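Source: prediction; values computed, not measured.
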Amino acid sequence: MSEISKAYEPQAVEDKWYQFWLAGKFFVADAKSPKPAYSIVIPPPNVTGVLTLGHVLNNTIQDILARKARMDGKEVLWLPGTDHAGIATQTVVERTLKKAGEIKHRDDLGREKFLERVWEWKEKHGGIIIQQLKKLGASCDWTRERFTMDPEYSRCVQRVFVDLYKKGLIYRGKRMVNWCPASLTALSDEEVVMKEQRGSLYYFKVEVAEAPGTFLTIATTRPETIPGDTAVAVNPKDPRYAHLIGKHVLRPLPVELPHEQKLIPIIGDEHVDFEFGTGVLKVTPAHDKADYDIFIRTAVNGAAIGLIEVINAHGKMNEFAGADLRGLDRFEARKIATEKLKEFGLLEKEEPYTNNVGYSERADVPIEPRMSLQWFLKYPSAEKSRAVVAKGEMKFHPERWAKVYDHWMGGLQDWCVSRQLWWGHRIPVWSMKAKFSALPDYVVQALRETGNSYVSTTLPNSSVQVFWNIVSHHKVPSLDDEEIEVQALTELADGGSYLDSLGFTQDPDVLDTWFSSWLWPFATMGWPEQTDTLKKFYPTTDLVTGPDIIFFWVARMIMAGYEYMDELPFQNVYFTGIIRDKQGRKMSKSLGNSPDPLDLIAKFGADALRFGVMRAAPLGQDILFDEQNVELGRNFCNKLWNACRFRQMQGGEVQGEIDPKLLTSDDKWILLKLDAAIHEMNSAFADYKFSDATATLYRFFWSEYCDWYVEASKAVLQGSDGARKANTLAVIDFILSHTLRMFHPFLPFITEELWHGMGYSVDMPENQGGKTIMFAPWPLPLDDDFKSHYDLTERDEKFIESRNEFIAQGRNLRRNANLPANKKVKFIFKSVGKTSATDIEVLKLLLNAENVEVNPNFQPSKNVLAVRADLGELFLPLEGLIDVAAEKTRLTKELEKIESEISKVEQKLNNHAFTQKVPATVLEEHKQRLVEWQNKSSHAKAALAALQN
RNA sequence: GCGCGGUUAGCUCAGUGGUAGAGCACCACAUUGACACUGUGGGGGUCACAGGUUCAAACCCUGUAUCGCGCACCA
């Protein structure tokens with residue numbers, strides 16, 4: 001470090017090193033490398049989104065994994081990219097254009113013009129989140145950045161759609177779907193969230209037509225759908241109503257209809273609950289999923305009830321709702337319908353009621369179950385995908401998500417993949433209703449040859465494949481002038497114009513965004529070509545994502561992986577927690593509780609943000625975010641900075657060799673602590689426990705290295721023995737160069753800066769840390785050769801630990817005597833064994849003593865405070881000025897605690913059951929403990945006695 | 001309703017059967033000594049509750065309470 005500033009200034013170094021990494025192409029993965037592969041694909045953020053703390057958490061973990069893998073000598077691909085996010089992006093652009101007064105509705109512009117505007121928007125805002133990820137230090141291979149609407153990616157989507165269609169897994173049908181009246185599109189079940197809603201339960205009565213004067217009472221939350229009722233259902237086992245099945249009731253709305261059109265049948269259906277409401281259910285097949293199922297059951301039984309749609313796409317009542325409700329919003333209509341029932345004298349009561357209502361996740365409005373013509377997918381490779389997780393071949397971390405996954409996989413429903421939007425991958429199906437002879441001759445001929453109603457052909461003078469499917473027929477039509485309905489599919493864009501020219505029209509809908517993201521792990525790597533990248537890096541190693549998209553994305557990727565690569569897409573899935581504020585509330589814009597990560601980076605530095613978030617994010621738990629976490633990260637970086645600065649200020653060259661003969665106990669101790677830390681780090685990584693890893697780093701570096709080792713080393717560094725000094729510096733350099741490497745995945749910027757500044761890069765081979773710490777080898781645990789060469793034993797560890805305890809007690813003595821920390825005092829050390837001069841120097845330094853007098857024969861007189869440890873006894877003679885009473889109180893309290901511990905252990909040891917059944921080691925431990933406490937007891941008693949004198 | 005997770009110091013959390021821990025916060029002391037983005041010392045817990053298993057339970061079992069999440073839902 002040429003310039004040594006007193007405090008670490010992240011702003012001055014972060015951009016510099018990021019540019020350095022980019023210029024060195026260090027993030028670029030080499031598909032031809034002989035090194036073993038490690039790969040992650042990023043969960044692609046919304047292309048026009050901005051970085052949130054959730055992204056910070058997610059991407060920091062990925063970056064840590066990627067950087068660690070590089071240091072482990074792997075060839076790493078972290079593949080970045082963005083998602084077009086259909087509904088979200090289209091909504092934002094549409095809203096913006098409306099606000100600007102340019103349009104009232106997207107129809108004003110038309111599909112093409114509108115899409116131009118979305119692309120413009122994407123160009124303008126698209127790069128933001130990518131730039132933000134760079135600020136965070138993300139080591140993605142930007143040369144491989146992908147976007148789900150890139151031409152090549154779009155071709156993958158199209159290809160997959162056509163393939164699944166050919167396999168008979170995709171079909172179009174009029175079904176009841178979740179309709180979002182705000183976004184005006186169908187949604188998949190996963191995009192609907194249930195919300196508790198306070199409303200009313202309305203009880204109204206209907207007259208039985210065959211028995212005038214007899215009424216049935218029905219409870220409903222949705223009186224506005226009465227005009228859409230086509231039956232009244234009761235349980236056939238319900239004695240109250242069973243005899244009425246087959247009769248009819250008069251539907252009260254629309255009131256203007258003639259009598260015979262008001263008649264709807266009373267039907268029996270086992271699904272009707274006796275207990276709920278009155279046990280009589282109104283059946284609205286067009287606007288309720290369960291009622292629709294009843295409708296289907298009646299159809300199967302050959303006694304089909306009707307189906308009347310009364311709500312339109314915008315959530316407003318249509319003409320079938322009758323004069324009273326027509327044109328009203330569904331919620332307004334609810335009020336009016338209730339009033340009407342009251343007016344007719346049919347409303348019996350209205351009671352407050354709380355039920356769950358499905359909401360559109362994006363638009364946050366109640367969805368409307370609605371009949372609509374949509375495309376559906378029967379999931380492919382579902383069984384294999386379910387089994388791979390159940391069998392543990394793909395591991396989920398934490399494991400419990402495997403159960404959630406399994407449960408969902410067990411109840412798969414067909415996926416509604418079409419969306420009534422413009423922004424997205426347009427469904428590659430062209431259709432036409434025409435005479436059979438209107439198809440090109442070679443198609444007709446090909447169909448005739450197979451006899452099937454479908455055939456694949458290649459377009460004349462082209463390689464474009466088209467799949468023709470006569471959906472109106474099961475076999476090839478026998479007559480040329482038969483009216484047919486054909487769906488034609490092509491994988492390539494140029495096939496489309498040919499089909500257009502034949503009079504086909506392309507389906508106007510686009511695909512659900514997740515229908516493109518589920519291909520992400522392989523479509524980003526060049527599939528369907530067997531590219532080097534795909535061969536080298538698929539399947540990926542780890543996936544890091546939030547559990548909220550386990551169904552949306554993870555499960556579907558697994559299925560796509562099996563279907564198209566015949567292999568799982570990733571070996572491990574790490575589910576992060578959800579970031580919440582410190583009160584445990586979800587981060588949200590409206591609450592204003594979501595801090596901008598970029599502000600935090602500006603204030604504290606990217607490393608600080610990373611460290612703070614990781615430290616607060618235990619595996620599988622939600623994270624309560626507090627800016628203090630980041631502050632702590634900043635402080636930690638500063639500590640690291642200053643520890644290096646301290647080394648720098650001692651001067652001297654970095655010299656690799658440590659002389660075993662010159663090692664102090666403290667040197668040996670810190671080397672052993674380093675070894676322990678490396679082990680802990682490795683096991684934390686093996687278990688994906690990143691908060692444990694940061695805790696280890698924190699403890700090792702701050703407590704063990706800075707607080708103890710560095711302080712003790714000053715005894716040597718401030719002394720006059722040159723050889724010893726140099727040796728201590730060599731130990732420091734050894735520790736720091738290992739520490740920086742262990743920190744690197746977590747704190748990439750500061751470690752790179754210090755790696756160069758401290759000169760640790762100098763002696764390393766160019767590709768192993770010489771150029772950048774990114775490729776410096778991850779520290780290995782100290783092996784037996786190393787330990788025996790430097791004579792590192794458990795004894796050294798024990799010695800320093802007991803020495804440190806001794807010092808802590810000595811400091812405590814001073815505190816108890818009310819001596820200010822800056823007052824130099826004299827201690828007397830009655831040592832048990834041999835103690836080196838250096839050890840005494842260290843004692844003196846760490847006790848802030850004027851002198852530590854070694855006297856094995858010291859006999860304390862009065863007014864002497866004392867502590868005892870394995871090392872011996874330490875005395876603090878006080879010439880007057882001691883608060884005898886306070887010290888007595890303290891000692892008495894301590895003695896009480898000691899005695900209680902003794903009696904606890906004694907109780908156990910006197911218990912025969914205990915001494916007989918317990919393992920020998922545990923028994924020994926207890927005996928040992930008893931001796932220790934007894935020693936402490938006699939010592940405390942002696943000290944107390946000394947005070948009495 | 002079913003399932004999952006949590007409940008340990010004021011706060012956030014470690015701790016899978018053998019002496020209750022960390023960080024933050026708090027209190028006191030220390031200011032030309034790498035770092036006040038600091039150092040030293042200290043106080044602070046009936047491990048949600050009730051049973052059970054065990055020589056021994058924060059930890060294993062059963063139940064209860066409570067908070068959170070997911071799935072399925074009765075109109």
Between Ser937(A) and Gln934(A), is any side-chain donor less than 3.5 angstrom from a side-chain acceptor? no
Select one nucleotide: of A34(B), A75(B), G18(B), the one nearest the side-chain heavy atoms of Ala643(A). A34(B)
What is the distance from atom CG of Leu697(A) to atom CG of Asp692(A), rounded to the nearest 0.5 Å? 11.0 Å
What is the separation between atom CZ on Phe625(A) and atom P on G23(B), rounded to the nearest whole Å? 21 Å
Each nucleotide of nucleotides 26-32 of chain B classed B (base within 4.0 Å of a protein heavy atom), S (only sugar-phosphate) or -, in 5' to 3' order, makes --SSSS-
Would you check if Glu932(A) and Asn935(A) make a side-chain contact, meaning some heavy-atom pair closer than 4.5 Å? no
Which residue lies toward the 5' end of RNA chain B, Ile807(A) or Glu901(A), if each is placed at its nearest nucleotide? Glu901(A)
Considering only atom P, compute the distance from U31(B) to G23(B) and round it to an integer number of Å. 25 Å
For a quick check of understanding: with a heavy-atom distance under 4.0 Å over all strands, which category does Pro919(A) fall into, base, sugar-phosphate or nothing? base
Looking at Phe646(A), is Lys714(A) sitting on its ring face, NZ or CZ under 6.0 Å from the six-membered ring centre and within 45 degrees of the normal? yes
Please report, rounded to the nearest Å, how far the C1' atom of A25(B) is from the CD atom of Glu627(A). 16 Å
Can you tell me the distance, in whole Å, between the CG atom of Asp269(A) and the C1' atom of C74(B)? 13 Å
Which is true for Asp626(A) with a 4.0 Å heavy-atom rule: it touches a base, it touches only sugar-phosphate, or it touches nothing? nothing
With heavy atoms under 4.0 Å as the rule, sort Cys706(A) into base, sugar-phosphate or nothing. base
Please identify each residue that fulfils salt bridge (Lys or Arg N to Asp or Glu O under 4.0 Å) with Glu631(A), with sequence neighbours left out. Arg634(A)
Within the 4.5 Å heavy-atom criterion, are Tyr359(A) and Ile367(A) side-chain neighbours or not? no
Nearest to the side chain of Val710(A), heavy atoms from C-beta on, is which of C71(B), A34(B), U12(B)? A34(B)
Atom-to-atom span, NZ of Lys6(A) to C1' of C37(B) - whole angstrom: 11 Å
If we take the C1' atom in both A72(B) and G44(B), what is their distance in whole Å? 46 Å
Using a strict cut-off of less than 4.0 Å between a Lys/Arg side-chain nitrogen and an Asp/Glu carboxylate oxygen, indicate whether Lys936(A) and Glu901(A) qualify as a salt bridge. no
Under-4.0 Å salt bridge between Glu801(A) and Lys673(A): yes
Can you check the distance between C47(B) and G17(B), where both ends of the measurement are the C1' atom (answer in whole Å)? 15 Å
Quick one: label Leu281(A) by what it contacts on the DNA or RNA (base, sugar-phosphate, nothing), any heavy atom closer than 4.0 Å. base
Under 4.0 Å, heavy atoms only, any strand: does Arg929(A) hit a base, just the sugar-phosphate, or nothing? base
Looking at every strand, decide which applies to Gln718(A) at a 4.0 Å heavy-atom threshold: base, sugar-phosphate, or nothing. nothing
Over all strands shown, is Arg699(A) touching base, sugar-phosphate only, or nothing at heavy-atom distances under 4.0 angstrom? nothing
Residues forming a salt bridge (Lys or Arg N to Asp or Glu O under 4.0 Å) with Asp269(A), sequence neighbours excluded: Arg297(A)
Roughly, in whole Å, what's the span from CZ in Phe636(A) to P in C24(B)? 12 Å
Hey, could you give me the OH/OG1 distance between Tyr705(A) and Thr739(A), rounded to the nearest 0.5 Å? 7.0 Å
Whether each nucleotide of nucleotides 1-7 of chain B has a protein heavy atom under 4.0 Å at its base (B), only at its sugar-phosphate (S) or at neither (-) is summarised, 5' to 3', as ---SS--
When the C1' atoms of C4(B) and G39(B) are considered, how many whole Å apart are they? 46 Å
With the side chain counted from C-beta on, respond yes when Phe743(A) and Ile750(A) share a heavy-atom pair under 4.5 Å apart, and no when they do not. no
Would you kindly give the OH-to-C1' distance between Tyr8(A) and U38(B), to the nearest whole Å? 19 Å
Answer with yes or no whether Gln907(A) presents, from its side chain, a donor or acceptor under 3.5 Å of a partner atom in the base of A56(B). no
Using the P atom as the point on both nucleotides, what is the distance between A65(B) and C49(B), in whole Å? 16 Å
In whole angstrom, what separates Asn638(A)'s CG from A36(B)'s P? 7 Å
Approximate separation, where rounding is to 0.5 Å, of Phe690(A) CZ and Met614(A) CE: 6.0 Å
Return the nearest nucleotide to the side chain of Asn812(A); candidates are C24(B), A75(B), G42(B). G42(B)
Secondary structure of RNA chain B per the Watson-Crick/G-U criterion (both distances under 3.5 Å; [ ] crossing, | other strand, . unpaired) is ((((((((.[[[[.)..(..]]]].(((((.......))))).....[[[[[..)....]]]]])))))))....
Could you list the donor-acceptor pairs under 3.5 angstrom formed between side-chain atoms of residues 220-230 of chain A and any protein atom two or more places apart in sequence or on another chain?
| unit_1 | atom_1 | unit_2 | atom_2 | d |
| --- | --- | --- | --- | --- |
| Thr220(A) | OG1 | Arg222(A) | N | 2.9 |
| Arg222(A) | NE | Glu224(A) | OE2 | 2.9 |
| Arg222(A) | NH1 | Glu368(A) | OE2 | 3.0 |
| Arg222(A) | NH2 | Glu224(A) | OE2 | 3.2 |
| Arg222(A) | NH2 | Glu368(A) | OE1 | 3.0 |
| Arg222(A) | NH2 | Glu368(A) | OE2 | 3.2 |
| Glu224(A) | OE1 | Arg334(A) | NE | 3.1 |
| Glu224(A) | OE2 | Arg334(A) | NE | 3.4 |
| Glu224(A) | OE2 | Arg334(A) | NH2 | 3.0 |
| Thr225(A) | OG1 | Arg222(A) | O | 2.9 |
| Thr225(A) | OG1 | Lys282(A) | NZ | 2.6 |
| Asp229(A) | OD1 | Lys282(A) | NZ | 3.1 |
| Asp229(A) | OD1 | Thr284(A) | OG1 | 2.7 |
| Thr230(A) | OG1 | Gly306(A) | O | 2.8 |

Of the candidates A34(B), G23(B), U19(B), the side chain of Met649(A) sits closest to A34(B)
RNA chain B: 5'-proximal contact among Ala808(A) and Ser703(A) (nearest heavy atom): Ser703(A)
Say we look at A58(B) and U66(B): how far apart would their P atoms be, to the nearest angstrom? 25 Å
In whole angstrom, give me the gap between the C1' atoms of G70(B) and A75(B). 24 Å
Classify Ala616(A) by what it touches in the nucleic acid, base, sugar-phosphate, or nothing, heavy-atom distance under 4.0 Å. nothing
Base, sugar-phosphate alone, or nothing: which one does Ala219(A) contact when heavy atoms must sit under 4.0 Å apart? base
Should the heavy atoms of other residues, nucleotides or ligands under 6.0 Å from CD of Gln11(A) be counted, would the total exceed 12? yes
To the nearest 0.5 angstrom, please state how far the CD1 atom of Ile266(A) sits from the CG atom of Leu281(A). 12.5 Å
With the side chain of Thr220(A) defined as its heavy atoms from C-beta on, choose the nearest nucleotide among G18(B), A75(B), C13(B). A75(B)
CG of Asp692(A) versus P of A22(B): gap in Å, rounded? 16 Å
Work out how far the C1' atom of A22(B) is from that of G15(B), and round it to whole angstrom. 10 Å
Does Tyr202(A) reach a base, just sugar-phosphate, or nothing at all? Heavy atoms under 4.0 Å. nothing
